[in-house]
Amino acid sequence: MDGTSEVGLRINGKPFSRVIDNRTTLLDLLREQAGVTGPKKGCDHGQCGACTVLLDGDRRVNACLLLAVSLDGADVTTVEGLADGDRLHPVQQAFVDHDGFQCGFCTPGQICSAVAAIAEARAGWPSVVTPPDTPPGPVEPTAAEIRERMSGNLCRCGAYVNIVAAVREVAR
Amino acid sequence: MAGTTRTPTNLTQGAKADAGIGASTLRPDGTLKVTGEFAYSSDMWHEDMLWGFTLRSPHAHARILSVDTSDALAQAGVYAVLTHDDLPTEHKKYGLEFTDTPVLADGVVRHHGEPVALVAADHPETARRAAAKIKVEYEELPVVHDEASALAEDAPLLHPGRDDHHAHEVPHPNIVHRQPIIRGDANAAARRADVIVTGEYEVGMQDQAFLGPESGLAVPGEDGGVDLYVATQWLHSDLRQIAPVLGLPEEKVRMTLSGVGGAFGGREDLSMQIHACLLALRTGKPVKIVYNRFESFFGHVHRHPAKLWYEHGATRDGKLTHMKCRIVLDGGAYASASPAVVGNASSLSVGPYVIEDVEIEAVALYTNNPPCGAMRGFGAVQACFAYEAQMDKVAAELGMDPVEFRQLNAMTQGTIMPTGQVVDSPAPVAELLRRVKALPLPPENQWESAGQTADVRALPGGLSNTTHGEGVVRGVGYAVGIKNVGFSEGFDDYSTARVRLEVVAGEPVATVHTAMAEVGQGGVTVHAQIARTELGVQQVTIHPADTQVGSAGSTSASRQTYMTGGAVKNTCEAVRDKALQLGRRRFGTFHPAWATAELLLEGGKVVTDGGEVLADLADVLGDDVVDLELEFRHRPTEAFDIVTGQGFGHVQYSFAAHRAVVEVDTELGLVKVVELACAQDVGKALNPLSVVGQIQGGTTQGLGLAVMEEIIVDPKSKVRNPSFTDYLIPTILDTPTIPVDVLELADDHAPYGLRGIGEAPTLSSTPAVVSAIRAATGLALKRVPVRPEHITGV
C-alpha cells in the first residue's frame with residue numbers, strides 16, 4: 001500500500017502500462033506519462049471539455065475527472081487516434097472545412113465529443129431536448145440537438161456557429 | 001518519462017493551394033489543430049525539465065514583513081526557491097507602458113494574487129507543496145478599491161514617487177492617466193437642445209478567459225542565454241521586458257512562439273515568461289510553468305471595469321447638439337495598458353456620430369483591484385455600452401425610432417472626430433444600421449402559435465423547463481460602434497516581414513518569416529494568400545514565429561492583417577522587383593517586353609500586364625535566392641494634446657452594427673438571445689471565411705459581457721469567482737445564430753484597402769443585447785452584465 005498501482009490500458013490502439021500514483025488522472029497520465037498531448041488541460045475541473053476523450057469505443061469522458069487506476073484494461077481514444085493514417089476522420093475534416101475553430105485549443109475535445117455525440121444520436125439515444133414522442137431509432141441531428149449534445153465543450157474564440165455546421169454535415 | 005520532446009509546431013511543410021487574397025483559403029495549421037499535433041505552449045516538454053510554481057499573495061494590499069523559504073528548500077525534489085531578493089540585476093520591474101510591475105513582490109503586495117515567490121521542482125505537485133511551505137508574514141494595509149478611496153485625502157498611494165511619462169500631468173498620483181477632450185462649446189450648444197438626457201452606466205470586469213492557460217518552457221543555453229517557448233501576443237515586446245531583468249543582451253534571449261490557445265488581449269502583458277527564465281538560469285535546467293485555471297484568473301490583466309456619466313442634448317428634429325461625458329476606468333494595481341485604454345475611451349467616447357460640441361474626460365485609476373489592461377475592444381467597449389444606451393434614451397425622449405435617430409446623426413467620411421481628426425475613409429455607419437435592420441427577423445413568439453408542442457428549449461431557461469411561454473417577452477435592440485485600428489497616439493507602430501523566394505525541386509517556393517503571433521486569428525492563412533498573390537507561386541512556407549526576425553508588433557488592436565499583412569505584401573513586392581531584375585539580366589534580350597511592359601508574377605510565370613508569358617519564374621531564379629527583410633509602417637499618428645485632446649491620433653477606424661433579438665422571462669429574469677445579427681465594413685475581405693469567423697467570435701464575447709461575464713471583486717479587493725463554474729462564458733447553447741453581412745468599402749490608405757476587423761464586433765454586440773432586453777422589459781438597465789436580479793428586481 002504505497003499509494004501506487006500498475007495500470008494497463010490501450011491508448012489509440014497501443015498498449016501502455018505503468019506503475020502510477022493512484023491520484024493520477026487519466027488526463028495527466030496521457031499528457032505527462034504517455035506523451036499524448038492532444039487532450040488539453042483547460043480547467044482540470046470538468047468545466048471546459050478540452051480534455052474530452054473516448055473510452056471503449058465512443059463513450060466520451062472528461063479525462064481530467066477520471067482516475068487512471070480505475071481504467072485498467074480500458075481502451076482510450078484521443079484526437080490523435082481518430083484519423084486513418086493521413087486520411088482525417090470525417091469530423092476532423094468537417095472542422096477544417098467549416099473553420100470550426102480559431103486558436104484550436106478546445107478542438108481536440110470538441111472533435112472527440114462530436115464523434116461520440118453523432119454516434120449517440122445514431123444509436124437512438126435521446127438527449128434532453130429530444131421530443132418525448134420521437135419514435136425509436138436514430139435521432140434527427142437538428143441544430144438544437146447538436147447544441148445540446150455539444151454543450152459541455154467551451155470555445156472561447158466563439159466558433160460555435162461553424163462547429164454546429166461541421167457536426168451537422170457529418171451527422172446527416 | 002515517456003514521450004518525445006515537443007517543440008513548437010513546425011509549419012514549414014508548406015501549404016499548397018491556389019488561392020490568393022479574397023479566397024476563403026483554409027488554415028495551413030488546420031490539419032495539425034484537428035489531429036492534436038499542434039503543440040501549444042502547455043504541451044512543451046524537455047528531457048530533464050523542472051516545473052515552476054508561483055506563490056501568490058492572498059491579500060490585496062499588505063506589507064511583507066518576512067519570507068522564510070527554508071522549509072520549501074528542504075523538501076526533496078526542490079531545486080530552487082526565488083524571491084525578490086534573488087533577482088539578478090537592478091532591473092526588478094517590467095511593464096508594457098510604465099515599468100511599474102515587480103517581477104516578484106518588493107516588500108509590498110498591491111493586488112490579490114500578486115507573485116511573491118517561485119519554486120522549481122521535479123514534479124508540479126512537489127513544486128506546489130513546497131510553495132505552500134514558504135512562510136510569508138504579511139501586515140494587511142487598507143485597500144484602495146474605487147475612485148473615492150483612490151482620491152481621498154489620506155488615500156494610500158499605490159506608487160509613490162512615480163517617474164513615468166504621465167506622472168507630471170495627472171491630478172492625483174493614484175490616477176494613471178487622464179485625457180480630456182474639449183471641442184466646440186458644449187455648454188453653449190446645450191442651450192440649443194430641446195431635450196437633455198443624462199445617464200450613469202457601469203461595465204463589470206470581463207476576463208479574456210482564453211482556454212489555453214499561461215504556459216511556456218525556458219531552456220538554459222550553453223552560452224549563458226536562454227531559449228523561451230511561449231504563448232504570447234508580441235514576442236519582441238516580451239523580449240524588451242525580459243532581457244533587462246535577466247541581465248542578458250536581447251540576442252541571448254531567444255524566443256519562439258509556441259501554440260497559443262487564444263489571447264484576446266490577455267497575453268499582451270507578461271505572465272510566466274520572466275519567472276520561467278529566472279528558474280531555468282538559476283537551476284541550469286529547462287523549466288516549464290503552466291498555470292491552472294484558478295491561477296490564470298490571477299495571471300493576466302482583465303478588461304477595465306468602468307463607470308461612465310453621459311449627457312446628450314438633441315433638438316426636436318432629432319439632431320444631437322452636444323455631449324459631455326466622464327469615464328472612470330479601474331486600472332487596478334499596475335499600469336499595464338491603462339494609458340492607451342484611456343486614450344481610446346476618451347477619443348471614441350462620442351461613438352460613430354456627428355457631435356461638434358463635446359466635453360470629455362477619461363481617467364484610469366490605480367487601485368488594489370486586479371490589474372486591468374488589454375482586452376478585445378480596449379476602452380471602446382465600455383464607451384460603446386454607455387453611448388448606445390444614451391442613443392436609445394434620447395430617441396425615446398424624442399419619440400423617434402432608435403435606428404432612424406442614429407442614422408440621422410451618423411458620421412460619414414469627412415466627419416470631424418472630437419479630436420479634430422477628419423475621418424478620411426468610408427464610414428458607412430447609417431448603411432450598416434440599414435443592412436442589419438433589413439435582415440429578416442426570426443419567427444415571432446413561437447410558443448404561442450405552437451400550442452401544446454411549444455419548443456421549450458428555445459425559451460429562456462430552455463432545458464430547465466422553467467416556462468412554456470408565460471411571462472416571456474421579446475425585445476429587439478440595435479447598436480453600432482467605432483473602433484480604432486492599430487497603435488495610436490504617435491506610437492511608432494511597425495511590422496517586419498522576411499520573404500525568401502527560391503526554387504525547390506523545380507518549383508518556385510516562397511518562405512514567409514515574421515514574428516507575428518498567430519493566436520487563432522488566421523494571420524498565417526492570410527500571409528500565405530498575400531505571398532501567392534504577390535509572387536505568383538503556389539507553394540508558400542510559413543516559418544515559425546520567433547525573435548530571429550524583426551518585430552511584428554502585437555496581435556492586438558485589430559492590426560495584424562493591416563500591419564504584418566502589409567509587411568508581407570511590401571516585402572513580397574520588393575522580392576518581386578529583385579526577381580524581375582534577375583529576369584531582365586537573364587532573358588531581357590529575348591523579348592522587348594522585359595524592358596517596356598509592366599511585369600507580374602502569376603501562376604509561377606513572369607507575365608506582362610497584357611497577359612503574355614515571358615518566362616517561368618523557376619528559370620528566372622535558377623540557383624539564385626532572393627531573400628529580403630523589410631519593415632512596414634502605417635502613416636504616422638500624433639499624441640492627443642493633454643489639455644484639449646486634439647490630435648491626429650488614430651490610423652484607421654472600423655465600424656460594426658448589431659441587431660439583437662432576445663426573449664426574457666420577466667418572472668425569473670432569464671434571458672435567451674434568440675439571434676444576434678451583425679453588419680460590418682471590412683474594407684476588403686482577404687479571407688471571407690476568416691472574416692465571418694472573427695465577427696461571430698467577437699459578437700459572442702460581447703454577448704458574454706452583456707448577460708453573464710464578470711469577475712467579482714469584493715470590497716477587500718479580492719477575486720471571488722476564479723473558475724469556470726463561477727465565471728461563466730457563453731456555451732454553444734447560449735450562442736444564437738449570428739447572420740453576418742460583410743460590406744467592403746476600401747480604405748485607400750491601407751494595404752488592399754482592408755480594414756482591421758477583430759474588435760469592432762465585440763463593441764456593439766453588448767449594447768445591442770441590452771437594448772433588446774430594455775425593449776422587452778421596459779427596464780433602464782444601466783450596467784453589464786445584466787443579471788437575473790436586475791430584471792426581477794429582487
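Chain letters run A, B, ... following the sequence lines, proteins first, then strands; residues in each count from 1.
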For Cys48(A) versus Leu211(B), what's the shortest heavy-atom pair and its separation?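 So the two residues come closest at CB-CD2, 4.4 Å.
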Using every non-hydrogen atom in the two residues, find where Gly104(A) and Tyr40(B) come nearest and quote the distance to one decimal.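 Of all heavy-atom pairs spanning Gly104(A) and Tyr40(B), the closest is C-OH, 2.9 Å.
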Report the distance from atom [atom1] of [X] to atom [atom2] of [Y], rounding to the nearest 0.5 Å.
{"X": "Cys106(A)", "Y": "Lys33(B)", "atom1": "SG", "atom2": "NZ", "result": "10.0 Å"}
{"X": "His45(A)", "Y": "Ser723(B)", "atom1": "NE2", "atom2": "OG", "result": "7.5 Å"}
{"X": "Glu518(B)", "Y": "Cys103(A)", "atom1": "CD", "atom2": "SG", "result": "9.5 Å"}
{"X": "Ser690(B)", "Y": "Gln102(A)", "atom1": "OG", "atom2": "CD", "result": "8.0 Å"}
{"X": "Phe105(A)", "Y": "Asp43(B)", "atom1": "CZ", "atom2": "CG", "result": "7.0 Å"}
{"X": "Glu125(B)", "Y": "Asp21(A)", "atom1": "CD", "atom2": "CG", "result": "9.0 Å"}

So, [X] side chain and [Y] main chain: donor-acceptor pair closer than 3.5 Å or not?
{"X": "Arg156(A)", "Y": "Phe264(B)", "result": "no"}
{"X": "Lys40(A)", "Y": "Gly212(B)", "result": "no"}
{"X": "Tyr160(A)", "Y": "Thr737(B)", "result": "no"}

Which one of [options] has the most heavy-atom pairs closer than 4.5 Å to chain B?
{"options": "Gln92(A), Gln110(A), Met150(A)", "answer": "Gln92(A)"}
{"options": "Ile146(A), Asp97(A), Val164(A)", "answer": "Asp97(A)"}
{"options": "Val79(A), Val91(A), Leu82(A), Asp99(A)", "answer": "Asp99(A)"}
{"options": "Thr107(A), Val96(A), Ile163(A)", "answer": "Val96(A)"}

Side chain, backbone, both or neither of [X] within contact of chain A (heavy atoms, under 4.5 Å):
{"X": "Asn687(B)", "result": "neither"}
{"X": "Glu709(B)", "result": "side chain"}
{"X": "Leu689(B)", "result": "both"}

Chi angles and distances behind the side chain to side chain contact (heavy atoms under 4.5 Å, CB included) call for Trp51(B), Glu32(A): CA-CA 12 Å; Trp51(B) 292 78; Glu32(A) 310 304 341; 3.5 Å; yes
Evaluate Arg293(B) against Asp44(A) for salt bridge (Lys or Arg N to Asp or Glu O under 4.0 Å), listing each step before the verdict. CA-CA 8 Å; Arg293(B) 180 53 52 187; Asp44(A) 214 21; over 6 Å; no
Please determine, among [options], the option with the most heavy-atom pairs under 4.5 Å with chain A.
{"options": "Thr31(B), Ile732(B), Val260(B), Thr35(B)", "answer": "Ile732(B)"}
{"options": "Ala263(B), Ser42(B), Pro124(B)", "answer": "Ser42(B)"}
{"options": "Asn292(B), Thr699(B), Thr725(B)", "answer": "Thr725(B)"}
{"options": "Gly693(B), Gly520(B), Gly522(B), Gly697(B)", "answer": "Gly520(B)"}
{"options": "Pro213(B), Pro736(B), Ser296(B), Ala209(B)", "answer": "Ala209(B)"}
{"options": "Arg376(B), Gln208(B), Gln521(B)", "answer": "Gln208(B)"}

Please look at [X] and chain B and tell me whether the side chain, the backbone, both or neither of the residue comes under 4.5 angstrom of a heavy atom of that chain.
{"X": "Asn153(A)", "answer": "neither"}
{"X": "Leu88(A)", "answer": "side chain"}
{"X": "Arg149(A)", "answer": "neither"}

Would you say Arg23(A) has more than 12 foreign heavy atoms packed within less than 6.0 Å of its CZ?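 No, the 6.0 Å shell around CZ holds no more than 12 heavy atoms from other groups.
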Does any part of the side chain of Leu733(B), heavy atoms only, come nearer than 4.5 Å to the side chain of Glu148(A), both counted from C-beta?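 Glu148(A) vs Leu733(B): side chains touch.
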